[in-house]
Amino acid sequence: MKPDTRTGGGPSQRMLRVGELVRHALADVLQRGSITDPVLAAHIITVPEVRMSPDLKIATCYVMPLGGKDITPVIKALAANARYLRLEVGRRMELKSVPELRFREDTSFDEGARMDALLRSPKVVRDLDDTSSDDTSPDANTDTDKETDAE
């Protein structure tokens with residue numbers, strides 16, 4: 001196989017596609033509740049993203065329990081049941097080899113809340129108000145100039 005010579009640095013189309021397949025399969029397994037772990041049974045877990053390694057052998061699964069509480073025990077329980085989860089994900093996918101599953105906390109919700117807070121900060125609101133009151137575009141001036149020339 002030819003070595004990867006891309007210079008973009010982002011994930012390949014295959015990595016994205018396999019990541020989505022793993023995400024759907026893992027969400028399906030967690031939704032069915034076939035795991036006997038009491039921590040996992042007590043939580044509804046969302047899987048917003050799965051990132052694949054370039055060789056497709058490792059899947060880093062970003063998870064978050066609904067409500068965002070008890071993330072540490074949930075990740076520990078998922079890691080303890082990773083072998084079973086990998087087996088179940090493999091049954092739902094058509095891949096030559098099933099990737100190893102690693103679990104991490106999803107921080108995208110926190111990042112989104114931080115960005116919202118930044119956009120609502122007084123400095124940003126003031127700057128946005130300043131730009132909306134400065135409607136001195138050239139098109140607006142030319143319309144009034146034409147009217148005065150016609151008189």
Would you name the heavy atoms of [X] and [Y] that are closest together and state the gap between them?
X	Y	value
M15	P54	SD-CA, 3.7 Å
Y62	P48	O-CD, 3.1 Å
M52	A59	SD-CB, 3.5 Å

Kindly write out the residues that satisfy side-chain contact (heavy atoms from CB on, under 4.5 Å) with R120, not counting sequence neighbours, or none if the list is empty.
D116
Donor-acceptor under 3.5 Å (R104 side chain, T60 main chain)
no
Which one of D106, I75, V50 satisfies the side chain to side chain contact (heavy atoms under 4.5 Å, CB included) criterion with V63?
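Going through D106, I75, V50 one by one, the side chain to side chain contact (heavy atoms under 4.5 Å, CB included) with V63 is satisfied by I75 alone.
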Which of V22, V29, L26 passes side chain to side chain contact (heavy atoms under 4.5 Å, CB included) with R92? It is V29
Evaluate the side-chain proximity of L118 to R114: yes if any heavy-atom separation is below 4.5 Å, no if none is.
yes
State, with a plain yes or no, whether a side-chain heavy atom of L78 is found less than 4.5 Å away from one of L101.
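In short, these two side chains do not touch, never coming nearer than 4.5 Å.
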What distance separates [X] [atom1] from [Y] [atom2], expressed to the nearest 0.5 Å?
X	Y	atom1	atom2	result
R14	L56	CZ	CG	5.5 Å
I71	I45	CD1	CD1	8.0 Å
L21	M93	CG	CE	5.0 Å
C61	L30	SG	CG	9.0 Å
E88	L85	CD	CG	8.0 Å

In the hydrophobic clustering that connects Ile, Leu, Val, Met, Phe, Trp and Tyr at side-chain heavy-atom distances below 4.5 Å, which members other than L66 occupy its cluster, ordered by chain and number?
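Direct or chained contacts put L66 with I44.
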What residue pairs, at least two apart or across chains, pass salt bridge (charged side-chain N to carboxylate O under 4.0 Å, His left out) with a residue in residues 33-59?
E49-R51
Answer with yes or no whether the hydrophobic clustering places V39 together with Y84; edges join I, L, V, M, F, W, Y residues whose side-chain heavy atoms lie under 4.5 Å apart.
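Both belong to a single hydrophobic cluster.
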Is the shortest side-chain N to carboxylate O distance from E20 to R17 below 4.0 Å?
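Here E20 does not pair with R17 in a salt bridge, since their nearest N and O are not under 4.0 Å apart.
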